[in-house]
Amino acid sequence: DHAAYTPDGAKVLLACSSPATIGEYDATTLVPTGHSYPLPSGALMVATTAANGGWVVAVTDFPFVVYAFRPGTYAQVSTPSFAGQPIPQALSISADGTSAFLVTEGIPTGPWVLSRVTIP
């Protein structure tokens, strides 16, 4: 599981395997805000940005799919698939909020691979 602060620092987002969601918590009290981002399978990692209108980006486990949400919404707006790709190890969003970068590891000892996903 993985965690990320929202750009304003007010909330913490938690990538959860069960339930399959990105949970949203108040950063001061650590109490759930009542909002979450539903996913079809467990979340491996999460990243967020205020750029490009704001995004919450997650990668799911088996299959590896990148999901992007507008903050505070439930509808996914982008689902590029990494099915068949090596295991995701890191997720980041570009400074301008137009791309997500996913680092994957070759199996069993192959090279690291950097992939770019365009965010609408």
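No hydrogens, no waters, no symmetry mates; every other heavy atom, side chains included, goes into these values.
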Enquirer: Shortest non-hydrogen contact from Ala27 to Gly9?
Expert: CB-O, 3.3 Å

Enquirer: Specify the closest pair of heavy atoms between Thr48 and Tyr5, including all atoms of both residues, with the distance to one decimal.
Expert: CG2-O, 2.8 Å

Enquirer: Looking only at heavy atoms, what is the nearest atom pair of Ser99 and Arg116, with distance?
Expert: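 Where Ser99 meets Arg116 most closely, the heavy atoms are OG-NE, 2.8 Å.
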
Enquirer: Any chance you could lay out the side chain to side chain contact (heavy atoms under 4.5 Å, CB included) test for Leu102 and Val117, step after step, and finish with the verdict?
Expert: CA-CA 8 Å; Leu102 184 66; Val117 176; 5.6 Å; no

Enquirer: Measuring only between side-chain heavy atoms, which start at C-beta, is Tyr67 closer than 4.5 Å to Leu39?
Expert: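 Yes, at least one pair of side-chain atoms sits under 4.5 Å.
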
Enquirer: Can you tell if the side chain of Phe101 reaches within under 4.5 Å of the side chain of Leu114, non-hydrogen atoms only?
Expert: yes

Enquirer: Closest heavy-atom contact between Gly97 and Ala51?
Expert: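 Residues Gly97 and Ala51, closest heavy atoms: N-CB, 3.6 Å.
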
Enquirer: Hey, does the side chain of Thr6 reach the backbone of Lys11 with a donor-acceptor pair shorter than 3.5 angstrom?
Expert: yes

Enquirer: Is a side-chain N or O of Thr21 found less than 3.5 angstrom from the main chain of Tyr37, in a donor-acceptor match?
Expert: yes

Enquirer: Would you say His2's side chain and Val46's backbone share a donor-acceptor pair under 3.5 angstrom?
Expert: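 Judged by distance alone, yes, a pair lies under 3.5 Å.
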
Enquirer: Report yes if the side chains of Leu14 and Ile22 come closer than 4.5 Å at any heavy-atom pair, otherwise no.
Expert: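 With C-beta onward as the side chain, the pair stays apart.
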
Enquirer: For the residue pair Ser36 / Glu24, report whether a side-chain donor-acceptor contact shorter than 3.5 Å exists.
Expert: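 No donor-acceptor contact under 3.5 Å links the two side chains.
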
Enquirer: So Thr60 and Leu44, do their side chains get closer than 4.5 Å, heavy atoms only?
Expert: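 Of all side-chain heavy-atom pairs linking Thr60 with Leu44, none is under 4.5 Å.
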
Enquirer: Side chain of Ser41, backbone of Asp61: donor and acceptor closer than 3.5 Å?
Expert: yes

Enquirer: Heavy atoms only: give me the nearest Gly23-Cys16 pair and the separation to one decimal.
Expert: N-SG, 4.5 Å

Enquirer: Kindly indicate whether the side chain of Ser115, heavy atoms from C-beta on, has any atom under 4.5 Å from the side chain of Val113.
Expert: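 Result yes, sub-4.5 Å side-chain heavy-atom pair found.
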
Enquirer: I'd like to know if the side chain of Ser94 and the backbone of Thr98 have a donor-acceptor N/O pair within less than 3.5 Å.
Expert: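 Side chain of Ser94 to backbone of Thr98, a donor-acceptor pair under 3.5 Å: yes, one is there.
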
Enquirer: What's the shortest heavy-atom distance between Thr104 and Pro88, and which atoms?
Expert: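 Taking Thr104 first and Pro88 second, the nearest heavy atoms are CG2-CA, 3.9 Å.
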
Enquirer: Any side-chain to backbone donor/acceptor pair from Arg70 onto Gly54? Under 3.5 Å, distance only.
Expert: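 Yes; judged by distance alone, with no hydrogens or angles, the pair exists.
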
Enquirer: Are any non-hydrogen side-chain atoms of Trp55 and Pro71 less than 4.5 angstrom apart?
Expert: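 The answer is no, as the side chains (C-beta and beyond) never meet within the 4.5 Å cut-off.
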
